[in-house]
Protein chains: 2
Amino acid sequence: MLETLKALAEPNRLHIVELLRDGPRPVGDMVQRLHLRQPQVSKHLRVLSDAGLVDARVDAQRRIYTLRTAPLQQLDVWLERYRQLWEQNFKRLDALLDEMKTSHRKSKHPKR
Amino acid sequence: MLETLKALAEPNRLHIVELLRDGPRPVGDMVQRLHLRQPQVSKHLRVLSDAGLVDARVDAQRRIYTLRTAPLQQLDVWLERYRQLWEQNFKRLDALLDEMKTSHRKSKHPKR
DNA sequence: TACGAATATGACTTGACACGTATATTCTCT
DNA sequence: AGAGAATATACGTGTCAAGTCATATTCGTA
């Protein structure tokens, strides 16, 4: 979880993840798209790999990297516990709006 | 988005967020729970505040911090684009399992 | 008004990490 | 076997961020 966040909390690595969202890519491809030198891209890929966010398949001299969704699913699960919080707020807002409408119709002041 | 990730990608700050999930708390309360000195907690709260993840309400000398869900909702939206990916994989897996069952019944080999 | 509680901020130190350069490794092709 | 392509790794450097200590600030209370 924390490792996932640390891995994603770096602009270039986040960018790599976004690239891989569209499908697997070799390293050289990413070197071209990001404005980075090859060693740096390899290092970022190492970090992402250690975090379980990518997988490498060997193709001759090239390594084709693929996005692994498992850590993202984990993040999604973690967020679930917070989703309740804002849904709760939506409900409260709905209630408030409803109360305002009602009080308007009845020409009363909303209480609380 | 990136700022949110950077803010969360630090163990103590993540811990603070988890604490605030249960409701607002004054700084001193968090100092006791986390094994951190007061200045450090204040600084982490500063980072979280800059990222829009917390809000402070003044109560005499104390400041009561509250979790703001907006950045987490944003994270949720970002994840949405990846959720499709693993749901796609689930479908593929379903299809494969289905095919295996079928081929077993018909005593055939699954194709491709 | 003086004092203590609660919190924020500044100066400083240290460790981690992103980047660059150079080099090693592995594979293809001639 | 030799050359070159594609990628990974080692090492050095600068920057930034987390931690600590000391101090400032604000407020309640004796």
More than 12 heavy atoms of other groups within 6.0 Å of Arg83(A) CZ: yes

Would you kindly give the CZ-to-C1' distance between Arg57(B) and dA8(C), to the nearest whole Å? 19 Å

Given the rule that I, L, V, M, F, W and Y join up when any side-chain heavy atoms are under 4.5 Å apart, are Leu34(B) and Tyr65(B) in one cluster? yes

What is the separation between atom CG on Leu48(B) and atom C1' on dA8(C), rounded to the nearest whole Å? 15 Å

Taking 4.0 Å as the cut-off, does a side-chain nitrogen or oxygen of Tyr65(B) come that near to OP1 or OP2 on dA8(C)? yes

Min side-chain heavy-atom separation Arg92(B)-Gln88(B) under 4.5 Å: yes

What does the B/S/- profile of nucleotides 19-30 of chain C look like, 5' to 3', with a 4.0 Å heavy-atom cutoff to protein? BBBB----BS--

Determine, stepwise, if the pair Tyr82(B) / Glu18(A) fulfils side-chain hydrogen bond (donor to acceptor under 3.5 Å, both in side chains). CA-CA 9 Å; Tyr82(B) 293 83; Glu18(A) 307 248 48; 3.1 Å; yes

Tell me whether the side-chain N/O atoms of Arg62(B) come closer than 4.0 Å to OP1 or OP2 in dA5(C). no

Kindly say if Lys6(A) contacts the phosphate of dA16(C), meaning a side-chain N or O under 4.0 Å from OP1 or OP2. no

Is there a path of hydrophobic side-chain contacts, each under 4.5 Å between heavy atoms of I, L, V, M, F, W or Y residues, that connects Ile64(A) with Leu45(A)? no

Nearest whole angstrom, please: distance from the P of dA5(C) to the CD1 of Ile64(B). 18 Å

Side chain to side chain donor-acceptor pair (under 3.5 Å) with Asp59(B): which of Arg57(B), Arg63(B), Arg62(B)? Arg62(B)

Between CG of Asp29(B) and C1' of dT7(C) the distance, given in whole Å, is 14 Å

Rounded to whole Å, CZ of Arg46(B) lies from P of dA18(D) at a distance of 14 Å

Check the distance between dA5(C)'s P and Asp59(B)'s CG and give it to me in whole angstrom. 17 Å

